[in-house]
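One structure is given below, encoded as structure tokens.
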Amino acid sequence: MAGNVVTLTTTNFDETIKASSTPVLVDFWAEWCGPCKQIDPVIREIATEKAGALTVAKLNVDDHGDIALRYNVMSIPTMIVFKNGAEAHRLVGARGKAALLADLAAHLA
Amino acid sequence: MTTHPHRKVIIIGSGPAGLTAAVYAARASLTPLVIEGEPSSTSDQPGGQLMLTTEVENFPGFPEGVQGPELMQRMRDQAARFGAEFLTEKATNIDFSGHPHRVWVRDDEYTADAIIVSTGARSLMLGLPNETSLIGHGVSTCATCDGFFFRGQEIAVVGGGDSAIEEASFLTKFATKVTIIHRRDKFRASKIMQERAFNNPKITVRWNSQVTQLFGEKKLEAIEVTDTNSGATERVALGGLFVAIGHRPNTDLFAGVLDMEDTGYLVTQPGSTRTNVAGVFACGDVQDHTYRQAITAAGSGCMAAIDAERWLEHQHATTSK
């Protein structure tokens with residue numbers, strides 16, 4: 001579905017990042033993180049604009065700390081691009097839309 | 001390249017100074033455009049330094065305290081209510097040499113009669129070789145964002161001002177032990193903050209100490225602490241290091257155009273917010289290294305809007321004669 005942001009949980013995480021035909025951008029976030037809230041609308045715009053080339057998903061580290069721990073996420077927002085289930089690129093820290101798109105350009109399908 | 005409709009006032013920056021200026025300018029029907037900045041994990045972001053804080057206890061009118069990001073959202077809503085417009089981008093270039101004043105966001109050009117500069121200050125980093133690559137891997141500039149990940153660990157905070165002590169106190173919610181590393185033998189922080197640190201059993205202080213090396217490849221493992229008196233070094237194992245060593249004004253954009261001190265702070269004419277360029281005003285931390293409070297920034301933002309409004313009236317009176 002175009003523009004949808006997938007909500008990841010411990011149950012669907014592995015399946016989502018492995019089964020996707022496009023790269024998956026996972027945004028690790030939490031309710032209490034100001035910069036995470038600021039990039040949320042940016043992430044959603046990118047999901048709409050890059051639908052078909054990129055799957056955008058969000059993982060709440062408060063609810064699913066086990067996954068954050070598995071990927072050694074120690075700072076949020078952290079955004080990881082997964083290709084075929086494997087980490088291809090990692091971005092730590094919030095940034096504007098233009099900068100985020102530039103960082104992602106090489107990893108879009 | 002796009003040129004946008006001419007404005008009376010453009011405000012660059014959106015901390016307490018910029019947003020207060022926006023409230024006043026908007027209520028004076030000047031429909032200011034606020035170029036508010038871009039999302040970032042540093043204090044250089046829309047809303048400014050308060051976006052990385054938690055409880056603000058000293059802003060008048062909030063006896064029960066208020067969360068920093070909430071206070072900023074309220075100021076932004078208040079400015080928007082009176083017609084301020086917002087652009088969530090960073091100004092990338094300026095030209096204040098003629099009339100109108102010009103500001104660019106990449107290739108987009110914006111013009112205005114008056115400019116209010118409220119770009120604030122950003123957190124300083126230690127400047128150690130592998131510091132940048134360890135951000136997000138044990139080195140942090142945002143305790144409120146990252147404290148959670150250091151549950152049950154021993155960590156350190158570098159710095160001696162209010163923000164260092166606030167971070168250290170906040171981090172004791174998660175960490176088993178927090179060491180404040182400070183290069184002097186006393187804190188710059190306010191007395192109430194100092195007492196809070198001294199009374200917290202999880203906080204210890206290493207005076208006269210500097211962090212001189214960071215160890216760890218994929219993740220911070222230890223730091224080297226050097227005693228500033230004896231020069232003795234010690235390797236200290238740590239899970240996390242939070243940097244809060246002070247601020248530098250965001251004035252790179254104005255180099256060679258606006259008068260500034262050696263430290264980069266903009267110079268304003270005494271008793272006003274006027275800079276050396278007619279029609280350009282400065283307010284908030286970008287021109288204040290003395291007080292640096294949300295309320296003083298807001299106060300000077302109000303001054304800048306009034307100065308700009310009077311200057312515009314004067315210009316109008318002179319040109320229409």
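Labels below follow one simple rule: chain letters A, B, ... track the order of the sequence lines, proteins then strands, and each chain is numbered from 1.
Atom CZ of A:Arg90 has more than 12 neighbouring heavy atoms from other residues, nucleotides or ligands inside a 6.0 Å radius. Heavy-atom neighbours of B:Asp108 CG from other residues, nucleotides or ligands within 6.0 Å: above the threshold of 12. Counting heavy atoms of neighbouring residues, nucleotides and ligands inside a 6.0 Å radius, atom NZ of A:Lys18 does not exceed 12 of them.
In this structure a side-chain-to-backbone donor-acceptor pair under 3.5 Å is present from A:Gln38 to B:Pro46.
The minimum heavy-atom distance linking A:Ala68 with B:Phe149 is given by the pair CB-CE2, 4.5 Å. A:Ile76 and B:Asp146 get closest at one heavy-atom pair: N-OD1, 3.1 Å. The two residues B:His137 and A:Val92 come nearest to each other via the heavy atoms NE2-CG2, 4.4 Å.
To the nearest 0.5 Å, atoms CD (B:Glu89) and NZ (A:Lys97) are separated by 9.5 Å.
Note on A:Leu69, A:Val42, A:Leu100, A:Val61: by heavy-atom pairs under 4.5 Å with chain B, the leading option is A:Val61. Between chain B and the options A:Ile39, A:Val73, A:Thr78, A:Asn72, the largest number of non-hydrogen pairs under 4.5 Å is found for A:Val73. Interface check for chain A: of the options B:Gly138, B:Gly136, B:Ser140, the most heavy-atom pairs under 4.5 Å are formed by B:Gly136. For chain B, the option among A:Gly96, A:Ala98, A:Gly34 with the highest count of heavy-atom pairs below 4.5 Å is A:Gly96.
Interface remark: A:Ala99 contributes no atoms to any contact with chain B (heavy atom separation under 4.5 Å). For B:Lys90, no part sits under 4.5 Å from any heavy atom of chain A, backbone or side chain.
In this structure, B:Leu52 and A:Pro35 have side chains that are in contact, with non-hydrogen atoms separated by less than 4.5 Å. Contact annotation: the side chain of B:Ser41 never approaches that of A:Ser75 to less than 4.5 Å [non-hydrogen atoms, C-beta and beyond].
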Item to check | Working for side chain to side chain contact (heavy atoms under 4.5 Å, CB included), residues B:Gln73 and A:Lys37 | outcome: CA-CA 12 Å; B:Gln73 185 62 48; A:Lys37 285 189 174 169; over 6 Å; no
